[in-house]
> 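Take this structure, written in structure tokens, and hold onto it; I'll ask about it next.
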Amino acid sequence: MTVVGTSVQLQTPMYFFLCNLSVIDIGLSSTIVPTLLINTVARDKSISLLGCGVQMYFHLGLGCTECITLSVIAYDRYAAICQPLHYYQIMSKTVCICLASGSWAVSLINSAIHVVLTFQLPFCRSNHINHFFCEMPPFLYISCGDPWLNELVMYIAASIIGAGSFLLTLISYFSIVLTILKMCSTEGRIKAFSTCASHLTVFFLYYGTILFMYLHPHSDNYPETSKTVSIIYTVVTPMLNPIIYSIRNGDVKRSIKNKLGLLI
């Protein structure tokens, strides 16, 4: 984020969205990891109802924003590679700001709806959540009421936002691959395929785990599997994003070297 903010050559739509992704990943990790680390060493693993609600709200909101942002980044790469002459017209400053702010607004509103519906459920069975943090699906299992409305809203949101973002990303990269195959330069094709492969690794890892967590039936309760899946998209993916999208990027590496050279 610092390198992008201080480098004139990185003031492009792609790096604007990568900075946005960085903010999301910092927020997502900060929402989950501190509590997770405390729970591994502390005897008292309890959390207040307000704290649980706040954690669920920000986790859902940031996770949803990341879903949309990854699809926007894929569309940005499609525009840059498949429509290079019209790239700055397609991804104008206004469009970029609208896409970024729209993803945040939709996600935070969606999160608020889910949190309100979740905490309206009656919890008379237990106050113990078999999970690392306050996430919505485990709450549906401990509710003594019928969570049909929660499930309906969750499936609709996951289908529209999760599956919709998944399809948009898939279509964008499919178009990119077709364009790459038409390249004359073998070296250019190898470099482009290498970049796409790393992007698609994170893409399948993130969307696959998210869709599993929020689209599998409520009757199928796999607590241990769910905990592992949650760790992947809340800790592993935010850790991989800076490496794949930034550190492996030639422009970013050159800018970092330039900044370090000036400091030395």
Side-chain angles (χ1 to χ4, degrees), residues 24-25 27-39 42 44-70 102-166 206-235 237-238:
I24 295 165
D25 284 336
L28 190 60
S29 298
S30 301
T31 303
I32 304 301
V33 176
T35 307
L36 193 149
L37 292 174
I38 290 169
N39 286 342
D44 182 12
K45 303 183 192 302
S46 63
I47 184 171
S48 67
L49 192 65
L50 177 61
C52 191
V54 169
Q55 187 182 61
M56 185 185 291
Y57 174 75
F58 282 107
H59 165 257
L60 277 172
L62 291 164
C64 182
T65 310
E66 179 148 348
C67 259
I68 300 171
T69 302
L70 286 174
S103 66
W104 279 94
V106 168
S107 301
L108 293 177
I109 292 169
N110 172 67
S111 178
I113 293 168
H114 285 300
V115 172
V116 169
L117 288 175
T118 299
F119 283 93
Q120 284 184 345
L121 289 170
F123 300 104
C124 53
R125 292 174 185 169
S126 170
N127 62 351
H128 174 73
I129 305 164
N130 187 12
H131 207 55
F132 291 122
F133 59 94
C134 293
E135 192 169 18
M136 186 170 56
F139 274 76
L140 304 184
Y141 301 128
I142 64 170
S143 169
C144 54
D146 185 2
W148 69 269
L149 180 60
N150 301 69
E151 289 185 321
L152 178 64
V153 175
M154 184 172 69
Y155 292 150
I156 291 171
S159 299
I160 294 172
I161 298 172
S165 299
F166 177 87
Y206 187 75
Y207 284 110
T209 51
I210 283 277
L211 292 175
F212 169 81
M213 190 68 184
Y214 286 91
L215 284 180
H216 79 267
H218 166 65
S219 55
D220 300 335
N221 185 11
Y222 310 110
E224 298 308 314
T225 305
S226 296
K227 283 190 276 190
T228 305
V229 166
S230 294
I231 286 294
I232 292 171
Y233 67 78
T234 55
V235 179
T237 306

> Got a sec: does the CZ of Phe58 have more than 12 other heavy atoms crowding it under 6.0 Å?
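12 or below, so no.
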> Is the shortest heavy-atom distance from the side chain of Phe166 to the side chain of Ile210 under 4.5 Å?
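They are not in contact (no side-chain heavy atoms under 4.5 Å apart), so the answer is no.
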> Let me see the working for Ile129 and Phe123 under side chain to side chain contact (heavy atoms under 4.5 Å, CB included), right down to the final yes or no.
CA-CA 11 Å; Ile129 305 164; Phe123 300 104; over 6 Å; no
> Look only at the side chain of Gln55 and the backbone of Thr31, and say whether a donor-acceptor pair between them is shorter than 3.5 Å.
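At least one qualifying donor-acceptor pair exists.
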> If you look at every heavy atom in Gly27 and Leu62, which pair is closest and at what distance?
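In this case the closest contact between Gly27 and Leu62 is C-CD1, 3.4 Å.
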> As an exercise, state the distance from OG of Ser29 to CD1 of Ile24, rounded to the nearest 0.5 Å.
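Reported to 0.5 Å precision, the distance equals 11.5 Å.
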> Please state whether the rings of Phe133 and His131 are parallel, tilted or perpendicular, taking 30° and 60° as the class boundaries.
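The arrangement is tilted - the two ring planes meet at 30° to 60°.
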> Determine whether Tyr155 and Asn150 satisfy the following criterion, side chain to side chain contact (heavy atoms under 4.5 Å, CB included), listing intermediate values before the conclusion.
CA-CA 9 Å; Tyr155 292 150; Asn150 301 69; over 6 Å; no
> Distance from Ile156 atom CD1 to Ile161 atom CD1, nearest 0.5 Å?
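Spacing of CD1 (Ile156) from CD1 (Ile161) equals 11.0 Å.
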> Between atom CD1 of Ile47 and atom CG of Asn127, what is the distance when rounded to the nearest 0.5 Å?
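Reported value, rounded in 0.5 Å steps: 12.5 Å.
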> One pair to check against side chain to side chain contact (heavy atoms under 4.5 Å, CB included): Glu66 and Thr237. What are the steps and the verdict?
CA-CA 10 Å; Glu66 179 148 348; Thr237 306; 4.0 Å; yes
> If you take all heavy atoms of Leu108 and Gly61, which pair is closest and at what distance?
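Closest approach of Leu108 to Gly61, heavy atoms only: CD2-CA, 4.2 Å.
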> Checking Tyr207 side chain against Ala163 main chain: does a donor-acceptor pair fall under 3.5 Å?
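Looks like no, no N/O pair under 3.5 Å.
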> Can you measure from OG (Ser226) to CD1 (Ile231) and round to the nearest 0.5 angstrom?
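The distance works out to 12.0 Å.
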> Can you name the nearest heavy-atom pair linking Phe139 to Cys52, along with the distance?
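Scanning both residues completely, I find the closest heavy atoms to be CZ-SG, 3.3 Å.
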> Show the nearest heavy-atom pair for residues Gly53 and Val115, with the distance to one decimal.
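Nearest pair, atom of Gly53 first, then Val115: O-CG1, 4.1 Å.
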> I need the Asn130 CG to Ile142 CD1 distance, nearest 0.5 Å.
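With rounding to 0.5 Å, CG (Asn130) is 10.0 Å from CD1 (Ile142).
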> Applying side chain to side chain contact (heavy atoms under 4.5 Å, CB included), run through Thr234 and Phe132 and close with a yes or a no.
CA-CA 11 Å; Thr234 55; Phe132 291 122; over 6 Å; no
> Would you say Ser111's side chain and Ser107's backbone share a donor-acceptor pair under 3.5 angstrom?
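No: the side chain of Ser111 does not pair with the backbone of Ser107.
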> Would you say Pro147 and Tyr141 make side-chain contact, with heavy atoms under 4.5 Å?
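Heavy-atom side-chain distance check fails, nothing below 4.5 Å.
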> Identify the two heavy atoms, one from Gly51 and one from Ser48, that lie closest to each other, and give their separation to 0.1 Å.
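Heavy atoms only, the tightest pair is N-OG, 2.9 Å.
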> Please find out if less than 6.0 Å separates the ring center of His59 from that of Tyr57.
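Ring centroids of His59 and Tyr57 are no less than 6.0 Å from each other.
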> Could you grab the distance from atom CG of Leu117 to atom CE of Met136, nearest 0.5 Å is fine?
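Answer for the CG-CE pair, Leu117 versus Met136, is 9.0 Å.
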> Please examine the side chains of Leu60 and Asn110, heavy atoms only from C-beta on, and report whether any two atoms are closer than 4.5 Å.
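No, too far: nothing below the 4.5 Å cut-off.
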> Indicate the atoms forming the closest heavy-atom contact of Leu28 with Gly63, along with that distance.
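Closest pair (atom of Leu28, atom of Gly63, distance): CD1-N, 4.1 Å.
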